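The block underneath contains the structure these notes are about, expressed in structure tokens.
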There are 2 protein chains.
Amino acid sequence: MSRSNPRVLSTLERAGGFASAQEVYRLMQREGESIGLTTVYRALQSLVNDKIVDVLRRDDGEAIYRLCGEAHHHHLVCKGCGDTVEIEGGAIEKWAKMMAEEHGFRDVGHTAEIFGLCGKC
Amino acid sequence: MSRSNPRVLSTLERAGGFASAQEVYRLMQREGESIGLTTVYRALQSLVNDKIVDVLRRDDGEAIYRLCGEAHHHHLVCKGCGDTVEIEGGAIEKWAKMMAEEHGFRDVGHTAEIFGLCGKC
DNA sequence: GTGGTAATGAAAATCATTTTCATTTGTGCT
DNA sequence: AGCACAAATGAAAATGATTTTCATTACCAC
Ligand SMILES: [Mn+2]
Ligand SMILES: [Mn+2]
Ligand SMILES: [Zn+2]
Ligand SMILES: [Zn+2]
């Protein structure tokens, strides 16, 4: 049951950060790779099963995937122009770990985003 | 633009805990209330806008809604059974404010969720 | 009552994801 | 090579939540 297609994995790597199945698919098409959307979905599911890839959900519900190894970071997004700054979240990591411990949760992950108006807007 | 239909709100109350738009709709139908699915969606969106209701996502991507208290808080959600603990986020508030200042952002808000497996799962 | 605006809901459209199923590919064996 | 059998692939159809359209209805103000 090892459907962890290496071309899909390498494309997700190349994408850097999060990408949805549809985005991975479009990226491969644009680069001339021949692959079916179904295979992309199956490969990503498999990679998640094997814990090589993380999955979470965008606000619109679309599933997004990311290599587990990549540096974990958060975003500061401008509601006006969409500019995004990648920020470090040491305080969040500690908070998440503490809260999980306190309530007996394990295998925890987290999401955290800040949004507002940037200097130009 | 206040489409926060009170019958939808009261149904969500009666449901207790989280319920999806589809579930709220089916519940109202079962109890003989005449309402359209579209109106349920619009009412829930409106309630979320007014911060009367929290929204998050099930693992399958379906949006689920729940009445939320006045105080600003965050969630610790079990990926296994869906149990949710409302937690306090003082550390996050400070972090968000500091990051925003550092990058010249104003009028900032934030989201932060922790997810993992609870003690029972 | 008349005109204007907001709310409603049935039906169609959207869109990510899953399922089906026929075809292709790979692998071990003779 | 030739054959058998399992796994992988992908096009097309199905699914299901959510959104959009649009015609109708309820609600107000004057
Ligand atoms: Mn973090
Ligand atoms: Mn907070
Ligand atoms: Zn900006
Ligand atoms: Zn649990």
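Chain naming here is simple, since letters A, B, ... match the order of the sequence lines and numbering starts at 1 in each. Since the model is a prediction, treat every value here as computed from it, not as a measurement.
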> For the pair made of CG in B/L44 and P in C/dG9, what is the distance, rounded to whole Å?
Replying inline: 13 Å

> Say you draw a straight line from CZ of B/R42 to CG of B/L37; how long is it, rounded to the nearest 0.5 Å?
Replying inline: 10.0 Å

> Within the distance-only criterion (no hydrogens, no angle test), does the side chain of B/D50 pair as donor or acceptor with the backbone N or O of B/I52 below 3.5 angstrom?
Replying inline: no

> Is there a donor-acceptor contact under 3.5 Å linking the side chains of B/E62 and B/S20?
Replying inline: yes

> A/F18 has an atom CZ; how far is it from atom P of C/dA16, in whole Å?
Replying inline: 18 Å

> Roughly how many Å is it from CZ in B/R57 to C1' in D/dG16, rounded to a whole number?
Replying inline: 13 Å

> How long is the gap from OG1 on A/T11 to CZ on A/R30, to the nearest 0.5 Å?
Replying inline: 11.0 Å

>> Can you identify which nucleotide, out of D/dT18, D/dT9, C/dG9, has its nearest atom closest to the A/T39 side chain?
In response: D/dT9

> For A/N5 and D/dG10, what is the distance between atoms CG and C1' respectively, to the nearest whole Å?
Replying inline: 12 Å

> Near DNA chain C, under 4.0 Å by heavy atom, which residues of residues 22-32 of chain A?
Replying inline: A/Q22

> Atom CZ of A/R3 and atom C1' of D/dA8: how far apart are they, to the nearest Å?
Replying inline: 6 Å

> Using 4.0 Å as the upper bound for N to carboxylate O, is an ion pair formed by A/E23 and A/R14?
Replying inline: no

> In whole angstrom, what separates B/E62's CD from C/dT17's C1'?
Replying inline: 14 Å

Using the 3.5 Å cut-off, write out each protein N or O paired with an N or O of nucleotides 19-23 of chain D and the distance between them.
residue: D/dT19; atom: OP2; partner: B/Q45; partner atom: OE1; Å: 2.8

>> Test salt bridge (charged side-chain N to carboxylate O under 4.0 Å, His left out) on B/E86 and B/R66; report intermediate values, then the result.
In response: CA-CA 12 Å; B/E86 292 190 351; B/R66 184 183 62 170; 3.0 Å; yes

>> Side chains of A/Q45 and A/Y41: any donor to acceptor distance under 3.5 Å?
In response: no

> Do other residues, nucleotides or ligands put more than 12 heavy atoms under 6.0 Å from the CG atom of A/D59?
Replying inline: no

> So what does B/D60 touch, heavy atoms closer than 4.0 Å: a base, only the sugar-phosphate, or nothing?
Replying inline: nothing

>> Using whole Å, what does the distance between atom C1' of nucleotide D/dA8 and atom CD1 of A/I35 come to?
In response: 11 Å

> Do the ring planes of A/H110 and A/H74 sit parallel (below 30°), tilted (30 to 60°) or perpendicular (above 60°)?
Replying inline: parallel

>> In whole Å, I'd like the distance from the CG atom of B/D59 to the P atom of C/dT18.
In response: 12 Å

